[in-house]
Amino acid sequence: MSTIMIFVLTHDAVRRPKLLKTRHIPRKVIGRGIPLWPKTGLRHRLAWRLMLEWALARYFAALLPFPMAILIWPSLALPISAAPLLMFAAIYAVEMRVLAVPNAKAREALIDQAAADRVMDVVRLGSVDALTRIAAGRGLEEGLLHLVIEQSALARVPPLTIISVQQTLDGTRFVDLDHAEQHMIQDVLFSHGLDEGDLQRTNLRENVFLRAVELDPRSISAHARLQAMARNTPSLTQNGPEEPARPVSA
């Protein structure tokens, strides 16, 4: 597994936990700005990657050559500053040609349909396996669980993947996952040669960047609960993940 940029959402991980208050599931969080800022701050490369999700940061990066050119050639300061169309063209080129794959044929060329179907099969089965382990480990017997995987739509930069477990029980909430559960989810989801880049190519092909798998803990058999609780490793078996319960939706 090749880990690129994964952010598992918990109340302790974000600068403003109020971001995790929601009335509907699944909840999109990419593009929420400062509230999504991790508590690690700029010490972690994830924070720098998150900055690319903010349009103003991308616009600033696209326009950075203009003030640099003014510093290098002061005599050209007036014509450069009076060229709004050129600045607009720079922003457009970065947004639509560098960070996006707007053409449908180009998106389809990123990954073929059979490979995309395999990616989604692994993600669905892995999501059900992860939710079963969480439900069994916590003794949950009610409240729908949703494993939500949101990815950035930006191309040609390291894929940003945000994972959360959201629960419907007397309202909606984000489940606070401990470190063991966070590592288990990543290991279960991205296995068998699948990584975040494969999922991003699939999402770009289908133009879908929010995936959610739902599990009702009541559908988990006693045998599946015992198996999930007995596992002492987050890795899947060699024959692939067992399907402890059927996902309600994906």
Side-chain angles (χ1 to χ4, degrees), residues 2-62 91 94-102 107 110-111 116 119-120 123-124 126-127 130 145-168 172-177 182 185-186 189-190 194-214 249-250:
S2 174
T3 300
I4 303 174
M5 291 283 177
I6 297 179
F7 190 13
V8 181
L9 284 185
T10 66
H11 288 80
D12 292 334
V14 296
R15 184 72 65 181
R16 293 180 60 186
K18 289 183 178 180
L19 169 72
L20 304 187
K21 290 184 177 180
T22 181
R23 295 183 179 179
H24 62 275
I25 291 177
R27 168 73 182 275
K28 296 183 67 174
V29 296
I30 288 181
R32 298 292 294 180
I34 295 298
L36 188 58
W37 194 261
K39 283 188 176 180
T40 55
L42 296 177
R43 297 191 306 272
H44 198 285
R45 60 176 184 161
L46 177 64
W48 293 97
R49 174 60 184 84
L50 279 167
M51 290 180 67
L52 286 178
E53 298 303 318
W54 304 340
L56 286 178
R58 298 198 303 272
Y59 297 164
F60 176 80
I91 293 175
V94 171
E95 291 290 310
M96 303 304 298
R97 299 300 178 184
V98 178
L99 297 178
V101 187
R107 292 197 301 268
L110 295 173
I111 186 171
V119 168
M120 294 314 305
V123 168
R124 290 189 189 99
S127 296
L145 291 175
H146 309 254
L147 196 145
V148 181
I149 308 170
E150 185 179 0
Q151 278 198 321
S152 167
L154 299 182
R156 302 183 183 90
V157 292
L160 172 63
T161 306
I162 296 183
I163 300 173
S164 63
V165 174
Q166 302 171 26
Q167 185 180 27
T168 304
T172 59
R173 69 185 184 96
F174 281 70
V175 177
D176 269 329
L177 304 169
Q182 294 178 40
I185 289 174
Q186 295 181 47
L189 282 180
F190 300 109
L194 170 70
D195 62 23
E196 304 93 311
D198 297 315
L199 180 57
Q200 186 195 44
R201 286 186 286 275
T202 300
N203 287 339
L204 285 169
R205 176 188 175 92
E206 299 179 2
N207 201 29
V208 176
F209 300 95
L210 182 69
R211 307 280 185 174
V213 174
E214 181 180 290
S249 64

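Below, all heavy atoms of this structure are taken into account, side chains as well, without hydrogens, waters or symmetry copies. If you're wondering where the values come from, they're calculated on a predicted model, not measured in any experiment.
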If we count only N and O atoms by modelled type, under 3.5 Å, do the side chains of Gln151 and Thr161 hold a donor and an acceptor together? yes
Can you list everything that forms a side chain to side chain contact (heavy atoms under 4.5 Å, CB included) with Thr172? Sequence neighbours excluded, please. Thr22, Ile25, Thr168
Working for salt bridge (Lys or Arg N to Asp or Glu O under 4.0 Å), residues Arg211 and Glu206: CA-CA 12 Å; Arg211 307 280 185 174; Glu206 299 179 2; 2.7 Å; yes
Within the 4.5 Å heavy-atom criterion, are Leu9 and Val29 side-chain neighbours or not? yes
Which heavy-atom pair separates Phe174 from His11 by the least distance, and what is that distance? O-CE1, 3.8 Å
The criterion is side chain to side chain contact (heavy atoms under 4.5 Å, CB included); which residues satisfy it with Leu46, sequence neighbours excluded? Met5, Phe7, His44, Leu50, Leu160
Gln182 side, atom CD; Asp176 side, atom CG - distance, nearest 0.5 Å: 9.0 Å
Tell me, please, which residues at least two apart from Ser127 pass side chain to side chain donor-acceptor pair (under 3.5 Å). none
For Arg205, the salt bridge (charged side-chain N to carboxylate O under 4.0 Å, His left out) test, sequence neighbours excluded, returns none
Could you tell me which non-hydrogen atom of Arg156 sits nearest to which non-hydrogen atom of Leu99, and how far apart they are? NH1-N, 4.5 Å
Do Ile185 and Leu147 come close enough that some side-chain heavy atom pair is under 4.5 Å? yes
When you measure from the side chain of Asp195 to the backbone N and O of Asp198, does any donor-acceptor pair fall under 3.5 Å? yes
Taking Ser152 for the side chain and Leu154 for the main chain, is one N or O donor matched with an acceptor at less than 3.5 Å? yes
Sorted by chain and residue number, the side chain to side chain contact (heavy atoms under 4.5 Å, CB included) partners of Ala153 (sequence neighbours excluded) come out as Phe209
Note, Leu199 side chain near Phe190 side chain (heavy atom, < 4.5 Å): yes
State, yes or no, whether a side-chain contact exists between Ile162 and Val8 at a heavy-atom distance under 4.5 Å. no
So how far is it from Phe60 CZ to Met51 CE, rounded to the nearest 0.5 Å? 9.0 Å
Pairs in or reaching into residues 50-60: which pass salt bridge (Lys or Arg N to Asp or Glu O under 4.0 Å), with residues at least two apart or in two chains? Arg49-Glu53, Arg58-Glu95
Verdict with reasoning, Thr202 to Val208, per side chain to side chain contact (heavy atoms under 4.5 Å, CB included): CA-CA 8 Å; Thr202 300; Val208 176; over 6 Å; no
Note: Val175 and Leu145 closest approach over all heavy atoms is CG2-CD2, 4.4 Å
Closest non-hydrogen atom pair, Leu189 against Gly126: CD2-C, 4.0 Å
Atom pair OG1 (Thr10) and CD1 (Ile163), whose distance is rounded to the nearest 0.5 Å: 12.5 Å
Tell me, do Val119 and Ile111 make a side-chain contact under 4.5 Å, heavy atoms counted? yes
Is any side-chain heavy atom of His146 closer than 4.5 Å to a side-chain heavy atom of Pro26? no
Does any non-hydrogen side-chain atom of Lys28 lie less than 4.5 Å from one of Glu150? yes
Tightest non-hydrogen contact, residues Ala155 and Leu204, listed as CB-CD1, 4.3 Å
